[in-house]
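In what follows, chains carry the letters A, B, and so on, assigned in the order in which the sequence lines appear, proteins first and then strands, with residues in each chain numbered from 1. Side chains are part of it too, since the values below use all heavy atoms of this structure and drop only hydrogens, waters and symmetry mates.
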There are 2 protein chains.
Amino acid sequence: MAKQERAAARPDMPTEAAQAHRFGKARSAQSTALLEDYVELISDLLASAGEARPTDVARRFGVSHATAIKTIARLKREGLATSKPYRGVFLTPDGEALAERVRNRHRLVVDLLVAVGVPADSAEADAEGIEHHVSDAALDAFRDFLAGR
Amino acid sequence: MAKQERAAARPDMPTEAAQAHRFGKARSAQSTALLEDYVELISDLLASAGEARPTDVARRFGVSHATAIKTIARLKREGLATSKPYRGVFLTPDGEALAERVRNRHRLVVDLLVAVGVPADSAEADAEGIEHHVSDAALDAFRDFLAGR
DNA sequence: CCGAATTTGTAGCCTCGACTACATTTTGGT
DNA sequence: ACCAAAATGTAGTCGAGGCTACAAATTCGG
Ligand SMILES: [Mn+2]
Ligand SMILES: [Mn+2]
Ligand SMILES: [Mn+2]
Ligand SMILES: [Mn+2]
């Protein structure tokens with residue numbers, strides 16, 4: 001029966017492959033979301049307090065300190081952070097660069113949401129999840145929209 | 001046994017706790033994202049082909065059939081779907097209702113992205129991830145924006 | 001109607017991200 | 001200086017969500 005499902009399908013229905021690809025993109029974006037949030041948070045702590053302790057990261061992120069330490073270990077594995085036992089966490093140049101990109105993107109997303117009428121606190125909350133799924137093309141559009149309205 | 005949230009000190013919630021709360025929201029949204037996508041996909045397949053087979057779901061979602069079957073088992077556990085061996089998958093009333101909500105939300109997000117200038121294909125791809133992190137307050141704002149511009 | 005192809009199901013393995021419990025190290029108060 | 005508290009690290013467990021390999025059921029072509 002699966003003969004001509006393409007012809008019979010709705011015109012606006014995506015092809016199988018295209019849809020699978022989009023779902024895959026969303027999944028892979030999710031796999032880096034945690035790292036992005038950690039790097040951004042650590043960068044903020046370093047800037048505001050001069051140091052980023054695992055306990056602080058855990059409290060700000062809302063997880064146990066053991067969880068934070070394991071995620072920090074993953075950051076180190078991925079070359080984004082460094083740390084020595086009982087000293088704070090620091091970012092590598094790659095980590096700093098990522099933090100900067102993530103911070104700018106976060107702000108852009110919040111600004112866009114506010115610009116289209118989302119209440120500020122909702123915008124801030126939603127952006128925390130949305131930011132990880134916004135493509136560069138969308139960010140460009142957001143910038144243009146914010147500049148030109 | 002959901003742990004109770006202490007949302008008492010409303011007026012000026014500490015930045016630290018507020019941030020932790022936002023991160024927690026994003027995490028919990030992510031935990032339901034997969035179920036939402038499956039339910040929406042199954043609903044589409046049921047509407048367009050009259051049936052939703054595990055193999056079709058797997059191919060459209062871009063995962064192995066074993067993975068799809070396991071996720072469908074989770075849908076059944078959560079009361080969103082039903083199925084009998086070697087028959088297709090169907091949605092419970094709860095599942096249908098969720099699919100409808102998710103489908104409308106998906107469209108709204110795409111429309112909003114396009115309205116602020118995001119290219120259509122980027123909008124469609126980004127929406128697949130973004131949709132799961134858009135609050136009702138934001139959706140209301142999106143509707144108003146689309147209606148009133 | 002029957003054998004082969006397809007579909008479906010099961011089992012076992014992996015990584016990630018969460019937790020608790022406990023061990024160790026550092027820090028701070030007296 | 002010392003002991004207690006806090007911070008940090010480690011170990012073990014869990015469920016979700018992937019995978020591959022294999023087994024069983026169903027559907028189809030001849
Ligand atoms: Mn985030
Ligand atoms: Mn962020
Ligand atoms: Mn989606
Ligand atoms: Mn969707």
Which of the following nucleotides, D:dG9, C:dC19, C:dG17, is nearest to the side chain of A:V63? C:dC19

I'd like to check B:D56 versus B:R53 (side-chain heavy atoms, cut-off strictly below 4.5 Å). Are they in contact? yes

In the structure I gave you, are the side-chain heavy atoms of B:H133 and A:H132 within less than 4.5 Å of one another anywhere? no

Nucleotide pairing, DNA chain D (Watson-Crick or G-U, distances under 3.5 Å), in dot-bracket with [ ] and |: ||||||||||||||||||||||||||||||

Can you tell me how far C1' of D:dA6 sits from CD1 of A:I69, to the nearest Å? 13 Å

Side chain A:S48, main chain A:D44, donor-acceptor under 3.5 Å: yes

What about B:K70: does its side chain form a donor-acceptor pair under 3.5 Å with the base of C:dG12? yes

Would one find a side-chain N or O of A:R27 under 4.0 angstrom from OP1 or OP2 of D:dG18? yes

Is_stacked (A:H65, D:dT8) at 5.5 Å, 30 deg: yes

Exam field: side chain A:D126 to backbone B:V134, donor-acceptor pair closer than 3.5 Å: no

A side-chain contact here means heavy atoms from C-beta on lying under 4.5 Å apart; do A:L34 and A:T71 qualify? yes

Taking CD from A:Q30 and C1' from C:dA18, how many angstroms apart are they, rounded to a whole number? 14 Å

Is any side-chain N or O of A:Y86 under 3.5 Å from a base N or O of C:dT24, one able to act as donor and the other as acceptor? yes

Of the candidate nucleotides D:dT10, C:dT8, C:dA11, which contains the atom at the shortest distance from the side chain of B:A66? C:dA11

Could you check if a side-chain atom of B:E131 sits within less than 4.5 angstrom of a side-chain atom of B:E128, using non-hydrogen atoms only? yes

Could you check how far CD1 of A:I72 sits from C1' of D:dT8, rounded to whole Å? 10 Å

Give me the ring orientation class for A:F145 and B:F145: parallel if the planes are under 30° apart, tilted from 30 to 60°, perpendicular past 60°. perpendicular

If you check the B:R87 side chain, which of D:dT27, D:dG9, D:dT20 turns out closest? D:dT27

Scan the side chains in residues 108-123 of chain B for donor-acceptor partners under 3.5 Å anywhere in the protein, sequence neighbours excluded, and list what turns up.
none

Do B:E36 and B:E40 touch side chain to side chain, with heavy atoms closer than 4.5 Å? no

Separation of atom CG in B:L75 from atom P in D:dG15, rounded to whole Å: 18 Å

Mind running a 4.0 Å heavy-atom check of residues 31-60 of chain A against DNA chain D and sending the residues that fall below it, in number order? A:R53, A:P54, A:T55

Would you say B:T67 reaches D:dC19's phosphate, i.e. side-chain N/O to OP1/OP2 under 4.0 Å? yes

In this structure, how many angstroms lie between the P atom of D:dC19 and the CZ atom of B:F61, rounded? 11 Å

Does the side chain of B:R74 reach to within under 4.5 Å of the side chain of B:L80, using non-hydrogen atoms? no

So which one's nearest nucleotide on DNA chain C is more toward 5', B:K84 or A:G62? B:K84

Separation of atom NZ in B:K76 from atom P in D:dA16, rounded to whole Å: 15 Å

